[in-house]
There are 2 protein chains.
Amino acid sequence: MDAALSSFHRPAIRSHDRLDSATATRSAKEQSFYVVIDAFSCDERMKLEDETTVKTTTKSLRIVEFVHEHNGAGITEIATQLELSKSTVYKHLRTLEQERYVYKGDGDVYYVGLRFLSLGVGARRRRRIYETAKPEIQRLAEESGEMANLLVEEHGRGIFLYRADSSRAVNLDTHAGREVYLHTTAMGKAILACLPERRVDEIIDRHGLPEMTEHTITDREVLFEDLETIADQGWAVDREERLKGLCCVATAITDPDDTPLGAISVSGPRSRLKDGKLVDELPELILNIKNVIELNVAYE
Amino acid sequence: MDAALSSFHRPAIRSHDRLDSATATRSAKEQSFYVVIDAFSCDERMKLEDETTVKTTTKSLRIVEFVHEHNGAGITEIATQLELSKSTVYKHLRTLEQERYVYKGDGDVYYVGLRFLSLGVGARRRRRIYETAKPEIQRLAEESGEMANLLVEEHGRGIFLYRADSSRAVNLDTHAGREVYLHTTAMGKAILACLPERRVDEIIDRHGLPEMTEHTITDREVLFEDLETIADQGWAVDREERLKGLCCVATAITDPDDTPLGAISVSGPRSRLKDGKLVDELPELILNIKNVIELNVAYE
DNA sequence: ACGCTCGATTCCATATTTCGAAACGAGATT
DNA sequence: AATCTCGTTTCGAAATATGGAATCGAGCGT
């Protein structure tokens, strides 16, 4: 039973994917990364988790996540993988189905329900920046001729809220809802650069600095140096740090009091984003749009 | 404790909203409608729910839903409204927060987390029809000059997957993820018309025929007559049945074997959609698009 | 038609876990 | 300083989640 829970803490999956081979399936795998808990902190952690945590709920969520990551799953498969009894999994799924969080397709396979979409879209709408930034992101995509994105931070991770494609769009894994590590993207780093050092340390402690490509920053010192540069110049760049072949320029959108509300970016294949465009042309364009959005957010 | 659960079964909220006054907040209220359980079936139902249901999970979900419907809530508020103890709510929220399904904003207010967006978007992507229909829906919006929609059925309810606006867009409550009763919309009725009568009966038994406007069909016989007409002519119409001032024309998208995969519609203000357009021009346009989508789905 | 296999479902005794009352502590208000 | 409100913590009683075994049921091959 304890083994059941520990099985969720998988080692990082290094995805040295090329841009053109990025698929939706792979994104699910990436998301299942958790920092491995080392043996020493176990007592403390157990204390905390046992006393203040509802284990049954955790179990239900794990089941849903399993179904999600596998694009549908049957009871036996889930029970085996999660080291739970079939009857337990059965009851959890029945409950979730009754509440419309999962549904049973043909042939006894359970799928994640669209109820999650209702709540998720509500959560997105609640972010002030979303509606304000959307039209500007579209403009950004048009004027740059590349893909433009909006990302926000939650629980120390980045979540894509919106993406606008230009006509030259590349098929990419960054749908709305996609979760990424902040240190692996230009948008993430732009947000980190706005946060107090203490906060950044907390985030690194919680999520680590997993390596996605050979260019990913995996060293705390190096990251902090980069963040300083970003804070100075006002924009961040990502040269294939999350995905091989993909480059981005980004800047954070902040409150009047410098709290980051999210970040916007332009991203495209390395072949089209040479240095001239990447560090001259695009930063200027992005900073313009940043200003417009910040004004609109402030006086909405 | 039993009282706690029964408090979720609220009577229908009749929303005689006008088109122009429809807001996001109101949509949340609508969604909280549940069929009231009458006293006689209680034993049976308890038996079923008690034996095969994980009550703890249900409780967690109710808490999340409460937070969702109230656009954020504190522990005491939730505990009071849901008739649970503060410590219970506290522990559930802590668990959900740890798993990133909720997050705590400033001032001890909990909000629904964007984790729901990740899972929800995944659920949407899994519907074959979504990617296929999207570009066609956009075309439908352009060619009709009105709003065009894509809806699918799940658990006997309708869920909007996508909406495309024309330049003359009206500000409406139908974002992606929005849930509606099937019998109140043209798209819903178009889907119902494809289902075997037995299935339609089940759905009505589960969700009832709640009245949204004075034009809503609230009688089973009347509904079945309408469904027959729809099945014959291949398209459905909604004259202010869900929302005062809003009219729609819709048709179902089906598999080669007539299983409905979803429905598409054009909707706009009554003032612009007179009978000439509503029952002559638009049905033809929609049926064309339906054909294109069905071909693409079949040979994808 | 028959047995065979695999999965979902049901039943039940057991003990794990949840739950609520009450106490505590921090902030705000009077 | 007293009072109120709200989140957090503690702890034992009571509820209920759990896993294993038994049952059911569909699909397959002989």
Side-chain angles (χ1 to χ4, degrees), chain A residues 1-8 44-64 66-67 70 72-99 102-111, chain B residues 1-8 44-64 66-67 70 72-99 102-111:
Chain A
M1 137 105 73
D2 201 52
L5 285 182
S6 73
S7 79
F8 297 112
E44 296 254 322
R45 190 173 282 268
M46 282 302 285
K47 192 105 196 181
L48 231 167
E49 283 186 1
D50 271 358
E51 304 299 307
T52 332
T53 247
V54 184
K55 288 177 173 176
T56 307
T57 298
T58 306
K59 222 167 268 185
S60 276
L61 295 175
R62 287 279 126 80
I63 290 171
V64 171
F66 184 91
V67 171
H70 291 249
I75 287 182
T76 306
E77 184 187 358
I78 301 170
T80 310
Q81 298 278 327
L82 263 41
E83 301 186 45
L84 298 166
S85 73
K86 283 197 293 178
S87 55
T88 300
V89 175
Y90 172 70
K91 279 170 207 162
H92 278 260
L93 283 173
R94 241 183 112 80
T95 308
L96 289 163
E97 188 187 21
Q98 203 170 286
E99 302 295 328
V102 305
Y103 70 99
K104 201 200 290 190
D106 300 335
D108 294 319
V109 179
Y110 287 85
Y111 298 95
Chain B
M1 140 104 69
D2 199 54
L5 285 182
S6 73
S7 79
F8 298 112
E44 295 254 323
R45 188 172 282 268
M46 283 300 286
K47 193 103 192 180
L48 229 167
E49 282 186 1
D50 272 358
E51 303 300 307
T52 332
T53 246
V54 184
K55 288 176 175 175
T56 308
T57 298
T58 305
K59 223 168 266 184
S60 278
L61 295 175
R62 288 277 126 80
I63 291 171
V64 170
F66 184 91
V67 171
H70 290 249
I75 287 181
T76 306
E77 185 188 358
I78 301 170
T80 310
Q81 298 278 326
L82 263 41
E83 300 185 47
L84 298 166
S85 74
K86 283 197 293 178
S87 58
T88 301
V89 175
Y90 172 70
K91 280 169 205 162
H92 279 258
L93 282 174
R94 244 184 109 81
T95 307
L96 289 163
E97 189 187 21
Q98 202 171 287
E99 302 294 329
V102 304
Y103 70 99
K104 201 201 287 193
D106 300 335
D108 294 321
V109 179
Y110 286 86
Y111 298 95

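Numbered from 1 within each chain, the chains take letters A, B, ... in sequence-line order.
In this structure, the side chains of Leu93(B) and Val102(B) come closer than 4.5 Å at one or more pairs of heavy atoms. Residues Leu96(B) and Val54(A) are not in side-chain contact: their nearest non-hydrogen atoms beyond the backbone lie 4.5 Å or more apart.
Set against dT9(C), dG7(D), dT9(D), the side chain of Ile75(A) has dT9(C) as its closest nucleotide. The Tyr90(B) side chain lies nearest to dT9(D) when the options are dT9(D), dA8(C), dG20(C). Between dT18(D), dT18(C), dT9(C), one nucleotide has an atom nearer to the side chain of Tyr110(A) than all others, and that is dT9(C). Taking the side chain of Thr52(B) as heavy atoms from C-beta on, and the options dT10(C), dT9(D), dT18(D), the nearest nucleotide is dT10(C). The nucleotide whose nearest atom lies closest to any side-chain atom of Thr76(B) is, among dC6(D), dT17(C), dT9(C), dC6(D).
Nearest-nucleotide mapping onto DNA chain D: of Thr56(B) and Lys104(B), the residue sitting toward the 5' end is Lys104(B).
The CD atom of Gln81(A) sits 13.0 Å away from the CD1 atom of Ile63(A) when rounded to the nearest 0.5 Å. If you take OH on Tyr110(A) and CD1 on Ile75(A), they are separated by 4.5 Å, rounding to the nearest 0.5 Å. With rounding to the nearest 0.5 Å, the separation of OH in Tyr111(A) from CG in Asp106(A) is 7.5 Å.
In this structure, Lys55(A) places its NZ atom 12 Å from C1' of dT18(D), rounding to the nearest Å. The distance from atom CD1 of Ile78(A) to atom P of dT18(D) is 14 Å, rounded to the nearest whole Å. In this structure, Glu83(A) atom CD and dA17(D) atom C1' are separated by 18 Å, rounded to whole Å. Atom pair Asp108(B):CG and dA28(C):P shows a separation of 11 Å (rounding to whole Å applied). Rounded to whole Å, the distance from CG on Leu93(B) to C1' on dC6(D) is 14 Å. Rounded to an integer number of Å, the gap from NZ of Lys59(B) to C1' of dT18(C) is 8 Å. Per the geometry, CZ belonging to Arg94(A) stands 17 Å off C1' belonging to dT18(D), to the nearest Å. Protein atom CD1 of Ile63(A) is 15 Å distant from nucleotide atom C1' of dA8(C), rounded to whole Å.
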Between protein and nucleotides 20-23 of chain D, what N or O pairs are separated by less than 3.5 Å?
from: dG20(D); atom 1: O6; to: Ser87(A); atom 2: OG; distance (Å): 3.0

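For the side chain to side chain contact (heavy atoms under 4.5 Å, CB included) test with Ile78(B), the passing option among Val89(B), Leu84(B), Thr88(B) is Val89(B); the others fail. Screening Lys55(B), Lys59(B), Arg62(B) for a salt bridge (charged side-chain N to carboxylate O under 4.0 Å, His left out) with Glu99(A), the sole residue that qualifies is Arg62(B).
Applying the 4.0 Å criterion to OP1 and OP2 of dA17(D), one finds that His92(A) has every side-chain N and O outside that range.
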